[in-house]
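Here is the naming used below: chain letters follow the sequence lines, and residue numbers restart at 1 for every chain. Keep in mind the model is a prediction, meaning the values are calculated, not measured.
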Amino acid sequence: MPNFAGKTDMTAFPRLHPDFFRRDAVTVARELLGRTIVRRFESGEEKRFVIVETEAYLGEDDLACHASKGRTPRTEVMYHEGGKIYVYLIYGMYWMLNFVTGGDGHPQAVLIRGVDKVIGSGRVGRLLQLDKSFYGEDLCASNRLWVEDTPVITTFATAPRVGVDYAKEWKDMEWRFIAND
DNA sequence: CAGCCGATCCTT
DNA sequence: AGGATCGGCTGG
């Protein structure tokens with residue numbers, strides 16, 4: 001059982017308010033460091049994972065963002081108000097976990113690249129046992145995946161995002177956030 | 001409709 | 001260095 005600042009009662013940490021996600025993806029990505037993903041499995045077992053690495057994808061202009069392809073069935077949820085889950089399959093094997101951010105009509109998302117137990121976006125999806133049924137899930141209403149308002153980590157490094165060399169000038173934006181050890 | 005390839009990871 | 005594995009996007 002994790003223990004934050006002497007607290008042992010995990011119910012003391014509420015879910016993040018929807019307004020938390022209704023800001024720009026870069027700010028949300030930074031402030032997600034230290035927050036806790038809670039995954040309740042079908043067995044009823046609940047596991048917690050502290051976010052330690054994120055990346056921001058910021059709108060249609062950002063060539064690294066899937067929304068740069070426009071509004072499609074795949075990108076639809078990114079156009080919704082922040083606070084929903086965007087998952088997609090990559091390389092036919094890995095479900096990537098993203099949280100939609102920003103306001104209605106402003107397609108943005110934050111990719112969860114690492115948690116305390118596992119680093120790597122593909123590994124995170126596997127650890128959380130994600131699948132396409134999580135697409136569009138509301139973080140504020142879900143009974144199987146949500147985020148708790150645990151203390152933010154304010155010491156971190158920034159870096160360019162991974163695997164987006166094709167994104168012209170956008171590839172150099174330091175929108176990857178990595179919590180210090 | 002065919003072909004390509006990705007916000008990846010694991011094994012050789 | 002290459003394989004797994006598949007849905008979305010592109011071009012004809």
Side-chain angles (χ1 to χ4, degrees), chain A residues 16 20-37 39 47 49-103 105-139 145-147 153 156-179 181:
Chain A
L16 284 172
F20 175 87
F21 295 98
R22 292 172 188 169
R23 299 176 295 158
D24 74 276
V26 177
T27 300
V28 174
R30 191 192 331 119
E31 296 190 12
L32 273 173
L33 296 178
R35 313 293 184 169
T36 300
I37 295 172
R39 174 77 168 94
K47 288 189 177 173
F49 308 92
V50 177
I51 298 168
V52 298
E53 185 169 333
T54 59
E55 275 177 3
Y57 290 86
L58 192 57
E60 290 183 339
D61 293 339
D62 174 9
L63 292 179
C65 182
H66 291 165
S68 66
K69 304 288 187 186
R71 195 163 184 155
T72 69
R74 184 205 203 189
T75 63
E76 173 65 25
V77 75
M78 274 202 279
Y79 286 78
H80 296 194
E81 275 219 307
K84 292 182 178 176
I85 293 175
Y86 168 45
V87 289
Y88 66 92
L89 186 64
I90 190 73
Y91 297 110
M93 311 193 82
Y94 300 102
W95 288 97
M96 310 290 277
L97 175 62
N98 299 255
F99 299 144
V100 174
T101 71
H106 295 266
Q108 311 175 6
V110 173
L111 170 67
I112 305 303
R113 290 203 62 89
V115 294
D116 50 356
K117 297 174 181 60
V118 166
I119 302 297
S121 47
R123 291 176 179 141
V124 169
R126 207 172 46 187
L127 183 67
L128 298 179
Q129 297 176 35
L130 303 181
D131 59 57
K132 67 179 167 193
S133 75
F134 284 84
Y135 184 93
E137 187 117 335
D138 186 345
L139 285 170
L145 182 53
W146 64 92
V147 185
I153 294 173
F156 56 86
T158 64
R161 296 168 293 178
V162 174
V164 296
D165 287 349
Y166 58 83
K168 301 188 177 175
E169 70 267 29
W170 297 91
K171 78 179 171 64
D172 297 318
M173 304 304 296
E174 298 216 337
W175 288 346
R176 179 182 179 197
F177 298 91
I178 309 157
D181 296 327

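At the phosphate of C:dG8, neither OP1 nor OP2 sits under 4.0 Å from any side-chain N or O atom of A:Thr72. Side-chain N/O atoms of A:Ser121 include none lying less than 4.0 angstrom from OP1 or OP2 on B:dA7. A close approach under 4.0 Å does occur between a side-chain nitrogen or oxygen of A:Arg113 and OP1 or OP2 of B:dT8.
For A:Leu89, taking side-chain heavy atoms from C-beta onward, the closest of the listed nucleotides B:dT8, C:dG8, C:dG7 is C:dG7.
One atom, CG of A:Leu63, and another, P of B:dG6, lie 15 Å apart when rounded to the nearest Å. Computed from coordinates, the A:His66 NE2 to C:dG7 C1' distance equals 12 Å when rounded to whole Å. One can place OH of A:Tyr91 at 6 Å from P of B:dT8, the figure rounded to the nearest angstrom. Between the NZ atom of A:Lys69 and the C1' atom of B:dA7 there is a distance of 13 Å, rounded to whole Å. Protein atom OH of A:Tyr135 is 12 Å distant from nucleotide atom C1' of C:dG8, rounded to whole Å. Here C:dG8 presents its C1' atom at 13 Å from OH of A:Tyr166, a figure rounded to the nearest Å. Residue A:Met96 contributes atom CE, which lies 15 Å from atom P of C:dG8 at whole-angstrom precision. Spacing between atom CZ of A:Arg126 and atom C1' of B:dT8 amounts to 10 Å, rounded to whole angstrom units.
Judged by distance alone, with hydrogens and angles left aside, the side-chain atoms of A:Tyr94 form no donor-acceptor pair with the main-chain N or O of A:Val124 at under 3.5 Å. A donor-acceptor pair is defined here as one N or O able to donate and one able to accept, closer than 3.5 Å; no such pair exists between the side chain of A:Arg39 and the backbone of A:Phe49. Under the 3.5 Å distance criterion, the side-chain polar atoms of A:Thr54 are left unmatched by any main-chain donor or acceptor of A:Leu33.
At the heavy-atom level, A:Gly92 lies under 4.0 Å from base atoms of the strands shown. At the heavy-atom level, A:Gly125 lies nowhere under 4.0 Å from the strands shown.
Residues A:Val100 and A:Phe21 form no side-chain contact, since every pair of their non-hydrogen atoms from C-beta on lies 4.5 Å or further apart. Put simply, the side chain of A:Thr101 does not reach to within 4.5 Å of the side chain of A:Thr27, judged on heavy atoms.
As rounded to the nearest Å, C:dA1 and B:dA7 have C1' atoms that lie 22 Å from one another. The P atoms of B:dA2 and C:dT5 are separated by 22 Å, rounded to the nearest whole Å.
Using a 4.0 Å cut-off between a side-chain N of Lys or Arg and a carboxylate O of Asp or Glu, A:Glu76 and A:Arg71 qualify as a salt bridge. Taking 4.0 Å as the cut-off between side-chain N and carboxylate O, A:Arg113 and A:Glu55 count as a salt-bridged pair.
In terms of position on DNA chain C, the residue among A:Lys132 and A:Tyr94 whose nearest nucleotide sits closer to the 5' end is A:Tyr94. For the pair A:Leu111 and A:Arg123, both in contact range of DNA chain B, the more 5′-proximal nearest nucleotide belongs to A:Leu111.
At a cut-off of 3.5 angstrom, counting only N and O atoms as typed in the model, there is a donor on one side and an acceptor on the other between the side-chain of A:Tyr88 and the base of B:dA7.
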For DNA chain B, just give me the dot-bracket, please: Watson-Crick or G-U, both distances below 3.5 Å, ( ) intra-strand, [ ] crossing earlier pairs, | paired with another strand, . unpaired. ||||||.||||.
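Note: A:Tyr88 and A:His66 have perpendicular aromatic rings, judged against thresholds of 30 and 60 degrees for the angle between ring planes.
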